[in-house]
Amino acid sequence: MAVRLCDVASLLRSGSWAAEPWTGVIAAMETQLSNGPSCTSSNGPNSVSNTCTSPVEMPNGSEDSKTNLIVNYLPQNMTQEELKSLFGSIGEIESCKLVRDKITGQSLGYGFVNYMEPKDAEKAINTLNGLRLQTKTIKVSYARPSSASIRDANLYVSGLPKTMTQKELEQLFSQFGRIITSRILVDQVTGVSRGVGFIRFDRRVEAEEAIKGLNGQKPPGATEPITVKFANNPSQKSSQALLSHLYQSPNRRYPGPLAQQAQRFRLDNLLNMAYGVKRFSPMTIDGVTSLAGINLPAHAGTGWCIFVYNLAPDADENVLWQMFGPFGAVTNVKVIRDFNTNKCKGFGFVTMTNYDEAAVAIASLNGYRLGDRVLQVSFKTNKTHKA
DNA sequence: TGCGATT
C-alpha cells in the first residue's frame, strides 16, 4: 500500500495538514482503505446504531469521561488497527475498540477510543471530527458513560410525510428529550424519502415518552398518523440477512411442476433470442402502461414488486425464494410480520428484476395452493390507505 | 379484497 496510516500519524503530529498536503494524504488514505472488500453503501452515514455503550466503565456518580470518544460513520472495511493507528496520531491511547456484529463479525461502523490524556481527546475531536474516509464523514465526539438508562433508546418511525426533513423530524421529537442521532431513509435511486426513520434519544425514558406522545398522532400538516416504536436490535437483522443469502444458493431449486413451468419459460426465452420471435409473453409493457391510473405495477427502477396474499402465519422468506426463484432473477423477498407476535400477517412481497419473468411467475403462482391456502399473486399496487 | 420497508 502506498501510504500507511502510521505515516498519516506522523504527518498529523508535524501539523503539516494545512492546505494541500492534507488533502493529498486523505486522498491517499481513501485509496488505501478502498482496497479492502467492496463497500456498496451510499454516501453519508451508514451506522448510528451505537446501542452498545462505551466499554470504559465509569465509577458511580462520576461525571462524563473527558478521555473516552465514540467514533461514528467509519468505513465498513476499516479495522480496529487502522482506527487505533489514526487516533494514535493524536496522542497515547489507553484502549481502542471497533464494534462488530456478534454473529457476522462485520463492522457496525463505529468504535471507541479512550486516550490517556483529556487534552488528546479534545484534540482528536477538533482534528478528526468531520474527516472524510472513502464515502464516509466520520463523527468524533465524547462517549456517554456506560449506563443502563441510555440503552434501548432508539426509535423506529414510519408513516412520515414524504416531504418531512430530518430537521423537521428532530423538531417534532425534541420536545421529549435530547436527541443523539436521527435519520430519514431515502429511496436509493430517487433520493425521495421512504417515510421511515430513526430517532435515538439520550435516555430510554425519553424514548418512552415520545412513543406515548407521538405514536398514532398526525404531525402538524400531515394527513396520516405516524407509527413510533422501539427499533429492532440491529444484530438480529444481520443474521437474518445472512440467512437470506444462504437461501439464494443455486441448489435451493427443487424439481416439480412449478420448476418445470419455469424451465419451459427459460427455454422459450432462449428460443426468442435465437429466432427473434416473442413466443411467450402474456402481457406487453405497453399493455400495462395503458392501465396507468388503475393498477400500475410497482416498478422502482430496481425491479418489479409482486404482492403475495394469503400466506400462512408461519410462512417465511424461504418459501418465497423457493416459489419465485425458478421463474428468474429474484432480488428481494419479504414476509410481513406482526411486530409483537412475529407471525406473518398473511402477505409478503417479492421483487423480480425482469418484467417478463415476473409476469410469468404471477400467471403461474396466482391461485397456487400452498398447504391449505390458495395464494393470490399480483403486481404490487400503490395502496397506502389504512383499512 | 388483505399492499412493507428496521440504519
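Proteins get letters first, then strands, A, B, ... in listed order; numbering begins at 1 in each. Please read all numbers here as calculations on a predicted model, not as lab measurements.
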Hey, does the side chain of A:R194 come within less than 4.0 Å of B:dT6's phosphate (OP1/OP2), counting only N and O? yes
Check ion pair A:K343-A:D314 (N to O, under 4.0 angstrom): no
Without decimals, in angstroms, what is the distance between A:D338 CG and B:dC3 P? 14 Å
Have A:Q106 and A:D101 got a donor and an acceptor in their side chains that come within less than 3.5 Å? no
Output the rounded distance in Å from CD1 (A:I336) to C1' (B:dC3). 9 Å
In whole angstrom, give the distance that lies between atom CZ of A:F307 and atom C1' of B:dC3. 4 Å
Rounding to an integer number of Å, can you tell me how far A:L160 CG sits from B:dA5 P? 12 Å
Using whole Å, what does the distance between atom P of nucleotide B:dT6 and atom CD1 of A:I199 come to? 17 Å
If you check the A:A231 side chain, which of B:dT6, B:dC3, B:dG4 turns out closest? B:dT6
N-O pairing of A:K167 and A:E170 below 4.0 Å: no
A:I306 atom CD1 is separated from B:dA5 atom P, nearest whole Å, by 19 Å
Counting only side-chain nitrogens and oxygens, does A:K334 get under 4.0 Å of the OP1 or OP2 atom of B:dT6? yes
Over how many whole Å does the gap from A:K162 atom NZ to B:dG4 atom P extend? 10 Å
Heavy atoms from C-beta onward define the side chain here; which of B:dT1, B:dA5, B:dC3 lies closest to that of A:Q376? B:dT1
Rounding to an integer number of Å, can you tell me how far A:F347 CZ sits from B:dC3 P? 6 Å
Given 3.5 Å as the limit, does a donor-acceptor pair link the side chain of A:Q166 with the main chain of A:S182, or not? yes
